Amino acid sequence: MNINDELNKIEFDIKHITETYTGDLTGGYIIGDGPVPCEILFIGEAPGKTEVEQGKPFVGMAGKTFEKYLNFIGLSRNNVRITNTCFFRPIKSKENLNGRKSISNRTPKVSEINLFKHIAQRKIELVNPKIIITLGNVPLKQWTSCTNIGECHGKLIFNNNINIYIFPMYHPSSLTYNRSEDFLKSYEEDWLKLKESLASI
Ligand code: URA
């Protein structure tokens with residue numbers, strides 16, 4: 001099978017998993033964006049509303065931050081592959097005091113992430129990256145033995161099972177929640193460390 005056939009099969013599998021999943025609420029799915037194969041692979045958590053609407057990862061608010069820093073270290077979306085750990089949008093519905101329902105994102109459950117584990121593995125084989133940058137805790141737990149992003153962000157780790165470097169970073173949306181100067185500085189430093197790591201591997 002050539003790469004396009006493989007990618008079409010993956011898309012078919014993601015669609016099938018999403019459409020037959022009955023465990024909890026979901027709101028659409030996306031595949032990934034960027035060239036295949038590609039030396040640099042970013043893996044996020046799960047798509048949000050804007051991502052599902054536009055069919056691409058990291059195009060909403062977090063995506064704006066992500067792209068700004070990608071450009072800051074001299075990269076653009078054209079030279080990197082971007083994907084997620086959970087391919088459907090996990091959502092929850094909440095009723096407010098007026099009885100109106102609102103939909104919001106939720107963190108994917110481990111059981112939901114596991115639905116896509118074989119797809120994530122297959123995608124990595126196809127992309128064949130030199131380095132995987134994990135964005136946030138969800139992909140961190142899948143690709144490293146580290147369980148807390150606070151302890152391992154900005155450090156180059158080698159994953160012996162897949163023979164690929166992993167570079168853990170905070171999720172770009174964390175800048176929205178943590179507005180302290182110290183956090184911003186450490187976040188920017190991580191991008192500069194990533195630039196150095198890319199030059200050294
Ligand atoms: N956050 C993610 O983790 N992934 C996306 O695609 C968008 C926002």
Side-chain angles (χ1 to χ4, degrees), residues 27-35 38-92 103-108 112-113 116 120 123-124 127 129-144 146-157 164-198:
Y29 68 92
I30 59 167
I31 314 298
D33 188 34
C38 187
E39 289 194 344
I40 306 170
L41 173 63
F42 284 89
I43 306 184
E45 299 190 341
K49 184 170 183 276
T50 318
E51 282 74 24
V52 170
E53 279 167 2
Q54 295 188 26
K56 280 185 186 180
F58 286 101
V59 287
M61 241 172 50
K64 294 218 162 51
T65 305
F66 169 74
E67 214 167 323
K68 173 179 148 189
Y69 284 97
L70 197 60
N71 297 161
F72 170 63
I73 64 161
L75 293 172
S76 80
R77 286 182 77 106
N78 299 332
N79 6 84
V80 302
R81 176 83 188 171
I82 312 166
T83 187
N84 278 302
T85 312
C86 176
F87 292 88
F88 57 53
R89 178 185 175 212
I91 52 171
K92 58 183 180 221
I103 299 285
S104 58
N105 297 333
R106 60 178 171 82
T107 303
E112 293 172 333
I113 291 166
F116 295 106
K123 273 201 151 190
I124 288 181
V127 176
K130 267 174 125 176
I131 186 167
I132 295 173
I133 300 101
T134 56
L135 303 173
N137 271 313
V138 172
L140 176 77
K141 289 178 191 161
Q142 187 162 51
W143 298 109
T144 74
C146 183
T147 51
N148 182 348
I149 185 71
E151 285 162 18
C152 52
H153 66 96
K155 293 182 186 146
L156 194 60
I157 298 170
I164 298 174
Y165 285 104
I166 313 287
F167 189 90
M169 291 186 97
Y170 280 100
H171 194 277
S173 67
S174 54
L175 280 190
T176 320
Y177 307 117
N178 191 339
R179 294 181 175 266
S180 80
E181 289 237 339
D182 283 354
F183 183 71
L184 179 64
K185 194 163 165 267
S186 126
Y187 185 74
E188 288 183 353
E189 275 169 11
D190 282 355
W191 278 93
L192 293 172
K193 285 183 201 158
L194 172 62
K195 190 178 183 184
E196 278 171 26
S197 296
L198 291 173

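As the structure is a computational prediction, the values presented were derived from the model and not from experiment.
No donor-acceptor pair under 3.5 Å is formed between the side chain of N84 and the backbone N or O of C86. Listed for the N105 side chain is no donor-acceptor partner under 3.5 Å among the backbone atoms of I91. Side-chain N or O atoms of R81 include one that pairs as donor or acceptor with a backbone N or O of G34 at under 3.5 Å. Without hydrogens or angle criteria, D33 side chain to P57 main chain gives no donor-acceptor distance under 3.5 Å. Between the N79 side chain and the S76 main chain, a donor and an acceptor come within less than 3.5 Å of each other.
Distance check, rounded to the nearest 0.5 Å: CD1 of I30 to OG1 of T83 gives 7.5 Å. To the nearest 0.5 Å, atom NE2 of residue H153 and atom NZ of residue K193 are 6.5 Å apart. Note that the CD1 atom of I132 and the CD1 atom of I40 stand 12.0 Å from one another [nearest 0.5 Å]. Here S173 contributes atom OG and N178 contributes atom CG; the two are 11.0 Å apart, rounded to the nearest 0.5 Å. Considering CD of E189 and CD of E196, their distance stands at 10.5 Å, rounded to 0.5 Å. Taking CD of E51 as the reference point, atom OH of Y29 lies at 15.5 Å (rounded to 0.5 Å).
In terms of the salt bridge (charged side-chain N to carboxylate O under 4.0 Å, His left out) criterion, residue partners of E53 (sequence neighbours excluded) are, by chain and number, K49.
Smallest separation of non-hydrogen atoms from V138 and E45: N-OE2, 3.6 Å. Considering all non-hydrogen atoms of both residues, K56 and V59 come closest at O-CG2, 3.3 Å. Minimum heavy-atom separation, I31 to F87: O-CE2, 3.3 Å. Counting all heavy atoms, side chain and backbone alike, F167 lies closest to S197 at CE1-OG, 3.7 Å. For P90 against E112, the heavy-atom pair with the smallest separation is CB-OE1, 4.2 Å. Across I133 and M169, no two heavy atoms sit closer than the pair CG2-SD, 3.5 Å.
Of the candidates I164, I124, I157, I124 is the only one forming a side chain to side chain contact (heavy atoms under 4.5 Å, CB included) with W143. When each of I166, I43, T134, T85 is paired with L140, the side chain to side chain contact (heavy atoms under 4.5 Å, CB included) condition holds for T134 and for no other.
In this pair, Y69 and Y187 present their aromatic rings perpendicular. The plane angle is above 60°, beyond the 30 to 60° band. A perpendicular orientation is assigned to the rings of F183 and Y170, their planes being inclined by more than 60° (bins at 30° and 60°).
Taking 4.5 Å as the limit, some side-chain heavy atom of L70 sits within range of a side-chain heavy atom of W191. Residues L194 and I131 form a side-chain contact, since some pair of their non-hydrogen atoms from C-beta on lies under 4.5 Å apart. Contact check for P172 versus F58: side-chain heavy atoms found under the 4.5 Å cut-off. The shortest distance between side-chain heavy atoms of T144 and K155 does not fall below 4.5 Å.
Surrounding CD of E39 are at most 12 heavy atoms belonging to other residues, nucleotides or ligands under 6.0 Å away.
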